[in-house]
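Notes to accompany the following structure.
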Amino acid sequence: MIEVEDLHLAYPQAGGMENPVLAGVSLRVERGASLAILGPSGCGKSSFLYVLAGLIRPTSGRVEIDGHPVEKPRPEVALILQETGLLPWKTVWQNATLGLKLQGVADVKRIKRALRDLGLEGFERRYPAQLSGGEKKRVSLARALAQDATVLLMDEPLAALDALTKEQTQNLILKLWHKHGFTLVLVTHDIEEAVFLGQRIVIFSGRPARVVGTIPNPEMGDPAYRQSQTFFDRVREVRSFFQVPTP
Amino acid sequence: MKAIRRQTLGYLLSVLVLLVLWQLLSWLLEATLDPRRARVLPGPLEAFLVFPRHWREIGNHFLGTGARLVAALLLSLVTAVPLGLWVGHERRVRELLSPLIYTAYPIPKVVFWPILFVLLGIGSEVSKVAFAVLVVFFQLLVSARDAAANVPKDYVLSALAAGLSRPKVYWHVVLPAALPAIFTSLRISLGLGIFAIYLAETAVQLGRSPYAGLGFYINSSFKAFSFESVFAGIVAIGILGLGLYVLIEIAERWLCRWKYL
Ligand SMILES: Nc1ncnc2c1ncn2[C@@H]1O[C@H](COP(=O)(O)OP(=O)(O)O)[C@@H](O)[C@H]1O
Ligand SMILES: [Mg+2]
């Protein structure tokens with residue numbers, strides 16, 4: 001479970017000024033649940049994920065994952081970034097196992113299985129430049145599975161993909177979520193993606209970000225949801241949030 | 001494979017073109033100047049004929065210059081690159097030390113040459129290598145710093161999130177990201193290093209060791225009006241530079257193979 005309470009974050013700026021980015025964000029994600037975060041560009045969504053990943057320390061507030069305060073990156077928490085999450089000088093195998101201490105055959109087998117499940121068998125020795133956009137995303141997912149993450153944080157992961165690959169990858173994320181039962185926190189600027197993958201959709205205000213809306217979306221979970229009337233209604237409901245000026 | 005063959009062909013052609021130009025120029029001088037002055041530019045053949053007669057002497061000087069050059073480049077690499085990556089990657093250090101680096105960078109290092117010679121022993125090997133290190137060091141330092149400062153933040157973040165420690169981030173992210181720029185800089189350093197070693201070798205002619213270097217050889221041939229030998233020495237320096245250049249290229253193709261897919 002992820003618990004965030006009254007989270008404040010400000011970046012120091014030139015001249016001793018502070019740039020407030022998060023102004024009292026509180027939310028909670030149950031274990032194995034999925035949450036999508038939408039918000040205007042530059043409001044602090046990425047920064048929020050970095051705090052959850054233990055990459056930056058907040059100015060104040062409480063952040064706990066499974067009862068432990070988040071202080072540094074931990075192997076149970078995987079972070080997938082938009083474009084440059086993979087290291088171009090490492091092969092698929094090296095990228096998928098980055099940061100892991102492989103101990104024995106069992107670990108190697110587990111990672112091989114993860115790569116096979118993601119359709120990356122035979123790609124182990126390729127470099128990211130030799131992969132399509134969708135394949136690169138799958139390598140990032142393979143890394144998350146390889147580290148047996150219980151929490152998957154994704155920062156606009158599919159923004160650079162073409163529409164078709166994007167949809168396939170969304171279906172894949174859904175499938176993995178069902179199969180592995182990790183907690184999913186997805187930051188996106190794509191409303192349909194948020195409705196497709198988020199059991200709950202949280203809307204951030206402009207900078208400094210606060211939670212200005214929470215929309216339950218319990219009907220999600222099936223690839224066919226995309227086609228349903230409920231889906232379209234939900235998308236419309238979320239969209240209406242961005243048409244009225246938020247306070 | 002094809003690319004390598006094309007490149008080899010390129011090298012051969014350039015050497016050929018250089019030789020032809022040299023020959024033409026020497027003929028031109030011969031035709032226009034009086035013979036005593038035209039002697040300063042002998043043709044390639046005359047220069048090459050020096051090698052069979054003096055190959056052992058030239059070979060030893062070649063080894064001397066080569067050893068000094070390689071020592072200077074390696075010493076600069078192992079000091080400037082770690083320091084540059086550190087300064088470039090750590091924001092606080094960068095803000096603190098970058099002004100210092102950029103102040104030191106443009107100062108012509110030749111001005112320190114007499115000081116180095118006096119401090120480290122006139123004509124000593126240490127002083128020659130130290131002078132070349134001084135010349136090359138800042139070149140490598142500045143490019144390592146700049147490259148490390150420009151590593152995309154996402155690479156570092158995703159490596160940290162994957163659980164890499166900060167020292168490991170240097171090895172797995174900062175260094176490989178900076179490596180192409182470091183190799184470019186190393187090629188420039190090669191030219192600078194040859195210049196520095198040459199200068200250091202011509203400067204002092206005490207204790208004429210057989211390994212005194214091509215700089216010494218060229219300089220003393222000049223003084224003896226032996227212009228064929230001068231050009232034989234220049235050819236030898238050219239071969240040394242080209243050889244090291246090719247080695248650097250091979251190392252880059254291996255270490256940065258992800259760039260050449
Ligand atoms: N490392 C940093 N130092 C200072 N300011 C930053 C840093 N990272 C982001 N910011 C600022 O914080 C704000 C929020 O950035 P970000 O979290 O990336 O927003 P989003 O992901 O919602 O687009 C922006 O104004 C950005 O300029
Ligand atoms: Mg962002």
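Please read all numbers here as calculations on a predicted model, not as lab measurements. In what follows, chains are A, B, ... by sequence order, proteins preceding strands, each numbered from 1.
The CG atom of A:Leu87 sits 10.5 Å away from the CG atom of B:Asp154 when rounded to the nearest 0.5 Å. Separation of atoms CG (B:Leu157) and CG (A:Asp155) is listed at 9.5 Å; rounding is to 0.5 Å. Atom CG of A:Leu98 sits about 5.0 Å away from atom CG of B:Leu164, to the nearest 0.5 Å. A distance of 13.5 Å separates CH2 in B:Trp258 from OG1 in A:Thr91, rounded to the nearest 0.5 Å. To the nearest 0.5 angstrom, B:Lys153 atom NZ is 5.0 Å from A:Tyr50 atom OH. Rounding to the nearest 0.5 Å gives a distance of 8.0 Å between OG of B:Ser158 and CG of A:Asn95.
The environment of CZ in B:Arg166 is sparse: at most 12 heavy-atom neighbours from other residues, nucleotides or ligands sit within 6.0 Å. More than 12 heavy atoms of other residues, nucleotides or ligands lie within 6.0 Å of CH2 in B:Trp22, so this atom counts as buried by the packing criterion. Heavy atoms of other residues, nucleotides or ligands lying less than 6.0 angstrom from CZ of B:Phe195 number 12 at most. The number of heavy-atom neighbours closer than 6.0 Å to OH of B:Tyr170, taken from other residues, nucleotides and ligands shown, is above 12.
Chain A forms more heavy-atom pairs under 4.5 Å with one residue of B:Gly163, B:Ser165, B:Ala162, B:Cys256 than with any other, namely B:Ala162. With chain B as partner, the option from A:Pro73, A:Ala129, A:Pro128 having the largest number of non-hydrogen pairs under 4.5 angstrom is A:Pro73. Put simply, of A:Gln147, A:Arg74, A:Gln130, the one with the most heavy-atom pairs under 4.5 Å next to chain B is A:Gln130.
Proximity to chain B (any heavy atom under 4.5 Å) is shown, for A:Pro75, by neither the backbone nor the side chain. Proximity to chain B (any heavy atom under 4.5 Å) is shown, for A:Lys72, by neither the backbone nor the side chain.
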Show the numbers, then the answer: is there a side chain to side chain contact (heavy atoms under 4.5 Å, CB included) between B:His172 and A:Gln94?
-> CA-CA 10 Å; B:His172 290 281; A:Gln94 292 169 330; over 6 Å; no
Show your reasoning for whether side chain to side chain contact (heavy atoms under 4.5 Å, CB included) applies to A:Trp89 and B:Arg257.
-> CA-CA 8 Å; A:Trp89 43 86; B:Arg257 53 191 175 281; over 6 Å; no
